[in-house]
Amino acid sequence: MNDRNQIPFAAKLGSLGAEPPLSETAAMILESLERYAAEVMRPVGADLDRMTPDEVIAPGSPYWDARRKFVELGFGVEALLGFEPEERGKMMCLLFETMGWGDSGLAISFGAGMLPQYMCAVLGRDDLLQQYPDAVLGCWGITEPDHGSDMLDPNRMIFHPQGQYGRPNCAARIDGDEVVVNGQKSAWVSNGTIAEVCVLYCATDTGSGFDAQRGCVVIVPMDAPGVSRGKALDKIGQRALNQGEIYFDNVRVPRSHLLAGPDEFEDAVKIIHTAANGLMGATFTGVARAAYELALDYAHERKQGGVPIIRHQSVAYRLFHMFRKVEAARALTNRVVHYNFVSPNPALHAAMTAKVTATQSAFEVASDALQIFGGNGLTREYPVEKLLRDARASLIEDGCNEILAIKGGYYLIDPDRL
């Protein structure tokens, strides 16, 4: 070209980048989700980010209106499981990437809110699914004050030979036709102080001791006598996501609420952890996408040296690698979630790759976006500093990335080759 300022033609990509054309149904769903994410989640998430944890969950908080509108969209567990397995994975990725693009705190709140219903459906408990439908806000009670990552390793794959698990903080025992729960779940339970139902993972009280490896999974209505909550957690990022402790004092629920006993416990941990890591992969692909798009827009608007900063090589170079990371996170997450929905034996370590890749990419892309914004990126007037804080939290939640990498690495061991 004679004019060095002229830009060569490049293919225009849609909001999902180099994504093949969606089906008509998927395209309509995406349009509805993007409208909700842009018009509801983003402004509400920004407002909640500036509130105290108590204000976030108070009656009249914009959280509740956003939650109501999400339920009205009808993209709950029953709708997702109504799709064929091949399409179900695509719908789940579309849903959570778009919600993460809107606001990750709200996305995780709504996603965790679906986990009791998801486990009831996957384990064939339609009776409990009818009792606790999609409109009932749920939580996943697994993490404990003294045993955060331990609870995700019931088979002791990464347990140090000289280590001791210690006494669990929460345990359940069978008492005739009832399950009795005592103990505490930690302050990191998403929706912990506002949920209406909990899918509780805990040790089993055998009468002669606590068995954390052969625990149990129980559906616990949060208005049951003996259930109490701690204080809503104040934290650096994802401030729209309520988290807090749950206490159980001789809480009795019908034995019919037992989803999995000691013999099924390890598989039940694998099922929910696989789903949760896939959800995290999609959600933080959305966060990375949001940060990239903001930086791309700003790079066209902001001028330095007399030209838009995207004309500077260092900025174009940085944006390309941000784009690359978003595309890679999306492709991997879509591939893994699709596989785990169609495979008779879902792969937890594959789900871990999606979670680790997408969350690490989100943090790196958000950090690069802030750098492109320069001093403006450090201020609360612009949204990139919030994205960086939100992404930083993701490197720890649902299994910190270091633990996931070690456990995932051990899953690669082929015993036939040892």
Heavy-atom distance under 4.5 Å between the side chains of L80 and Q117, does that happen here? no
Working to the nearest 0.5 angstrom, can you tell me the gap between I174 CD1 and D177 CG? 10.0 Å
Please check if any side-chain donor atom of Q238 sits under 3.5 Å from a side-chain acceptor atom of Q243, or the reverse. no
Examine distances only and state if a side-chain atom of S32 and a backbone atom of I29 form a donor-acceptor pair shorter than 3.5 Å. no
So do the side chains of L16 and L30 get within less than 4.5 Å of each other, counting heavy atoms only? yes
Would you please test R389 and E385 for salt bridge (charged side-chain N to carboxylate O under 4.0 Å, His left out) and show each step? CA-CA 6 Å; R389 289 187 283 110; E385 62 86 27; 2.9 Å; yes
Verify the neighbour count for atom OH of Y410: are there more than 12 heavy atoms of other residues, nucleotides or ligands below 6.0 Å? no
Does I246 reach the side chain of M222, with side-chain heavy atoms less than 4.5 Å apart? yes
Per salt bridge (Lys or Arg N to Asp or Glu O under 4.0 Å), R239 is matched among D234, D103, D47, D54 by D234
Pick one: which of F70, F96, F75 meets ring pair (Phe, Tyr, Trp, His ring centres under 6.0 Å) with F110? F70
Does E87 pair with K90 as a salt bridge, N-O distance under 4.0 Å? no
Between N169 (side chain only) and G183 (backbone N and O only), is there a donor and an acceptor less than 3.5 Å apart? no
Where does the angle between the aromatic ring planes of Y201 and F265 fall among parallel (under 30°), tilted (30 to 60°) and perpendicular (over 60°)? tilted
Could you state the interatomic distance from CG (N191) to CD1 (I108), rounded to the nearest 0.5 Å? 10.0 Å
Are the side chains of Q131 and V136 in touch, meaning some heavy atoms are under 4.5 Å apart? no
side-chain contact (heavy atoms from CB on, under 4.5 Å) for R380 and D49? Distances and angles first, verdict last. CA-CA 10 Å; R380 302 195 74 178; D49 185 63; 2.9 Å; yes
Could you verify whether a donor N or O on one side chain and an acceptor N or O on the other, from S256 and D127, lie under 3.5 Å apart? no
Distance-only side-chain donor-acceptor flag, N242 / Y63, under 3.5 Å: no
Tell me, yes or no, whether the heavy-atom count around R252 atom CZ, taken from other residues, nucleotides or ligands under 6.0 Å, exceeds 12. yes
Electrostatic pair E19:R289 at N-O distance under 4.0 angstrom: no
If you take all heavy atoms of M91 and A26, which pair is closest and at what distance? CE-CB, 3.3 Å
Less than 4.0 angstrom from a charged side-chain N to a carboxylate O is my criterion; do D267 and K270 meet it? no
Can you see which heavy atom on D398 is nearest to which on A276, and at what distance? OD2-CB, 3.6 Å
May I ask you to test the V287-S394 pair for a side-chain heavy-atom distance under 4.5 Å? no
Distance alone, cut at 3.5 Å: any donor-acceptor contact between the side chains of R324 and H321? yes
Taking every heavy atom of F284 against every heavy atom of A391, the minimum-distance pair comes out as CE2-CA, 4.2 Å
Any donor-acceptor pair under 3.5 Å from R173 side chain to V180 backbone: no
State whether the number of non-hydrogen atoms from other residues, nucleotides or ligands found under 6.0 Å of E24 atom CD is greater than 12. no
Count the heavy atoms belonging to other residues, nucleotides or ligands that lie under 6.0 Å from CZ of R50, then report whether that count exceeds 12. yes
Can you tell me if CD on Q313 sees more than 12 non-hydrogen neighbours from other groups inside 6.0 Å? no
Mark yes or no for whether K355, through its side chain, and L404, through its backbone, hold a donor-acceptor pair below 3.5 Å. no
Drop me the distance from E34's CD to E97's CD, to the nearest 0.5 angstrom. 9.0 Å
Mind checking whether R35 and E31 have side chains closer than 4.5 Å, heavy atoms only? yes
Is the closest basic N to carboxylate O distance between K185 and E245 below 4.0 Å? no
Quick check against the 3.5 Å criterion: does R167 have a side-chain atom that pairs as donor or acceptor with the backbone of F210? no
Do side-chain atoms of S367 reach the backbone of F363 as a donor and acceptor pair under 3.5 angstrom? no
When rounded to the nearest 0.5 angstrom, what distance separates SG in C198 from CG in L115? 10.0 Å
Is the shortest heavy-atom distance from the side chain of M114 to the side chain of L279 under 4.5 Å? no
Separation between CG (D368) and OG (S361), nearest 0.5 Å, reads 11.0 Å
Minimum heavy-atom distance between G113 and L137, given as atom pair plus value: CA-CD1, 3.9 Å
Any side-chain heavy atom of L123 within less than 4.5 Å of one from I271? yes
Minimum heavy-atom separation for K235 and L241, please, with both atom names. NZ-O, 2.6 Å
Would you compute the distance between atom CE of M51 and atom CD1 of I57 and round it to the nearest 0.5 angstrom? 12.0 Å
Verify, without hydrogens or angle tests, whether T204 (side chain) and T206 (backbone) share a donor-acceptor contact under 3.5 angstrom. no
Which pair of heavy atoms, one from A291 and one from M322, lies closest together, and at what distance? O-CE, 4.2 Å
